[in-house]
Amino acid sequence: MTLISKKKITYPVGELLRNYLLEYDRETRLPVTYSDLARFTGAFPLLDRQGNDSLWETVYYEPNALRELSEGLAEVYALLKTAGDLSYTEHLIADRIDYCRFGNSQPFRVRIVNQLNDNYDYFYVKKADASRVYGLELEHILSPNSINYMLYGPTLIEEHIAGIPGDAFILHHLSRPHLNQVRIAKEFVKFNERCFARLLGDMRAYNYVIDVTLDFEDEQYRVRAIDFDQQCYEGKKNMYLPQFFKDNRKIVQLCSRLLKPETIRQYQAEERTLMGRRARSERHRLKDLIDCLRRDTISTREKVNQLKHELNRHHGTKQFSRCRGMGDVVRLNLKLMLISPKKALKR
C-alpha cells in the first residue's frame with residue numbers, strides 16, 4: 001500500500017514559469033480572484049444525490065458582493081471558453097459556488113447556468129501552485145487530453161473535467177454486466193504508464209475520472225487525471241504508479257485476471273509510443289517547460305535523493321545520480337521511457 005507521508009508543500013509560481021505561461025497564452029488578467037471568493041459570509045454542507053456528505057460546502061455572500069461576483073465569474077467563464085468574448089455573458093449567471101476545505105488547493109467550484117435553456121457547466125478557482133501548473137502542462141502536452149486553464153497572480157482557473165469519479169466507478173460500475181472489463185483494464189494500464197512516465201503522483205481513485213463514450217458496437221473508456229498537485233513531488237517511486245494504491249486494488253485485480261503479461265507489455269509500449277509522438281510534435285514547448293522545471297524547486301532535497309535512488313534501481317542505471325533536482329529527474333525518466341522504451345518494460 002502506498003501512503004503519502006505529509007501534507008504537500010505549496011510552491012509559488014516563479015518568474016521563469018510565469019514567463020512560460022505568458023508565452024503560451026496561459027496567463028491573463030481576471031476580474032475575480034481566489035481572495036475575492038474567500039470572503040464568503042457562511043456555508044452549509046453540500047449533499048450528493050444519495051444524501052451523503054460530498055465534502056463540499058455551498059458558500060454564500062452578502063447580496064451586493066454576490067451580484068459583483070456573479071458578473072465577474074461570468075466574464076471568467078467567457079475568458080476560459082470564448083477567449084473573452086463578453087457578448088455571450090448576458091444570459092450567464094453564477095448560481096452556486098461550492099468550497100472544499102479538503103485538499104491542497106482548497107478549491108472553489110463555480111456553477112455557471114445558461115438562463116435561456118437552464119444548461120449548466122462548472123469551473124474551478126484554486127490557489128496557484130507551481131507543482132500543479134507543471135502537472136497541467138505536462139498533461140496537456142503528453143496525454144491524449146487537452147487541458148484548459150488560466151493563471152492570474154496567485155489564482156488558478158481550471159476547466160471542469162467531465163467523467164465518473166474513479167472511486168464511484170469502482171464502487172457502482174465495475175461489476176455491471178454490460179461493462180467491457182477488458183477495455184477498462186487496458187485503459188488503466190495505459191493510464192498507469194502515462195503517470196509513471198511523467199511522474200504524476202497520488203492517483204488514488206478520487207483523483208481521476210472515467211470518461212465513457214458510446215461506440216457503434218460497445219463503450220470506450222478513458223481514465224483521466226483531475227488532480228495534479230503531486231506532480232514530481234514525492235520521493236517514493238510507487239507514488240507515481242496508480243497500481244500500488246489500495247483503493248485501485250479492484251481494477252488492478254481485474255487487469256491481472258484479464259490481461260496476460262505480454263498483453264500488458266503491448267499496451268505499455270503503445271502508450272509510450274503515443275507519448276513519444278506527442279513529445280516530438282510539441283518538442284519546443286516541452287523543452288521550454290522542462291527547462292523551467294529544471295531551474296525550479298518543487299520538492300525537498302530528501303525526496304529528490306530518494307526518488308533518484310529508487311529510479312536508478314528501477315531502470316537498472318546510475319544516470320539519475322547526476323540529476324540535481326526534480327526537473328532533471330523528470331527529463332531523464334521521460335528520455336528513458338519514451339526514447340529507450342525497451343528499458344521501461346521492467347514492471
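Being a predicted model, the structure only gives us computed values, none of them experimental.
- Side-chain contact annotation: N180 with E219, donor-acceptor N/O pair under 3.5 Å absent.
- No side-chain donor-acceptor contact under 3.5 Å links N145 and H140.
- Taking E302 as the reference, T300 meet the side chain to side chain contact (heavy atoms under 4.5 Å, CB included) condition, with sequence neighbours excluded.
- At least one side-chain heavy atom of V110 sits under 4.5 Å from a side-chain heavy atom of V125.
- Ion pair K287/D291 flagged as a salt bridge, since at least one NZ, NE, NH1 or NH2 atom sits closer than 4.0 Å to an Asp/Glu carboxylate oxygen.
- To the nearest 0.5 Å, atom CG of residue L254 and atom CG of residue N248 are 12.0 Å apart.
- Counting heavy atoms from C-beta outward, F169 and V209 have side chains that stay 4.5 Å or more apart.
- Under the 3.5 Å distance criterion, with hydrogens and angles disregarded, a donor-acceptor pair is assigned to the side chains of R198 and Q231.
- Using modelled atom types and a 3.5 Å distance limit, the side chains of D98 and T58 yield a donor-acceptor pair.
- Taking 4.5 Å as the limit, every side-chain heavy atom of L47 sits out of range of all side-chain heavy atoms of N52.
- Y206 and R204 share a donor-acceptor pair across their side chains, judged by distance under 3.5 Å alone.
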Could you go step by step and tell me if H309 and F320 meet the ring-ring contact (aromatic ring centres under 6.0 Å, His included) rule?
-> CA-CA 7 Å; H309 171 73; F320 286 96; over 10 Å; no
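- Remark: of the listed residues E271, E139, E187, E271 is the sole one forming a salt bridge (charged side-chain N to carboxylate O under 4.0 Å, His left out) with R194.
- Considering only heavy atoms from C-beta on, F196 comes within 4.5 Å of M337 through its side chain.
- Donor-acceptor pairing under 3.5 Å is lacking for the side chains of Y221 and R183.
- Here the CG-CG distance, from L142 to L334, works out to 6.0 Å after rounding to the nearest 0.5 Å.
- Using a 4.5 Å cut-off on side-chain heavy atoms (C-beta onward), R109 and L46 make contact.
- Of the candidates L200, N192, L307, Y240 forms a side-chain contact (heavy atoms from CB on, under 4.5 Å) with just one, namely L307.
- With sequence neighbours left out, P165 forms a side chain to side chain contact (heavy atoms under 4.5 Å, CB included) with D167, A168.
- With sequence neighbours excluded, the residues satisfying side chain to side chain contact (heavy atoms under 4.5 Å, CB included) with A162 are H160.
- Screening residues 50-79 for salt bridge (charged side-chain N to carboxylate O under 4.0 Å, His left out), with sequence neighbours left out, gives E57-R101.
- Checking Y120 against N114 by side-chain atom types alone, no donor-acceptor pair falls below 3.5 Å.
- Here the side chains of E193 and M275 are not in contact, with every heavy-atom distance at 4.5 Å or above.
- Judged purely by distance below 3.5 Å, without hydrogens or angles, the side chains of D288 and Y24 pair a donor atom with an acceptor atom.
- Considering F40, W56, Y34 as possible partners of Y99, the one that fulfils the ring-ring contact (aromatic ring centres under 6.0 Å, His included) test is F40.
- Side-chain N/O atoms of E262 and Q266 include no donor and acceptor closer than 3.5 Å.
- By the neighbour-count criterion of 12 heavy atoms within 6.0 Å, atom CZ of R294 is densely surrounded, having more than that number from other residues, nucleotides or ligands.
- Taking 4.5 Å as the limit, every side-chain heavy atom of Y134 sits out of range of all side-chain heavy atoms of C232.
- With respect to the salt-bridge test (charged N to carboxylate O, under 4.0 angstrom), the residues E23 and R285 do not qualify.
- A donor-acceptor distance shorter than 3.5 angstrom exists from the side chain of Y61 to the backbone of L37, with no hydrogens or angles considered.
- Evaluation of the ring-ring contact (aromatic ring centres under 6.0 Å, His included) rule for Y267 yields no partner, not counting sequence neighbours.
- Taking the side chain to side chain donor-acceptor pair (under 3.5 Å) definition, one finds that S131 meets it with K8, sequence neighbours left out.
- With L293 as the partner, the side-chain contact (heavy atoms from CB on, under 4.5 Å) test is satisfied by one option alone out of V329, D328, I298: I298.
- Considering Q306, H314, R313 as possible partners of E310, the one that fulfils the side chain to side chain donor-acceptor pair (under 3.5 Å) test is Q306.
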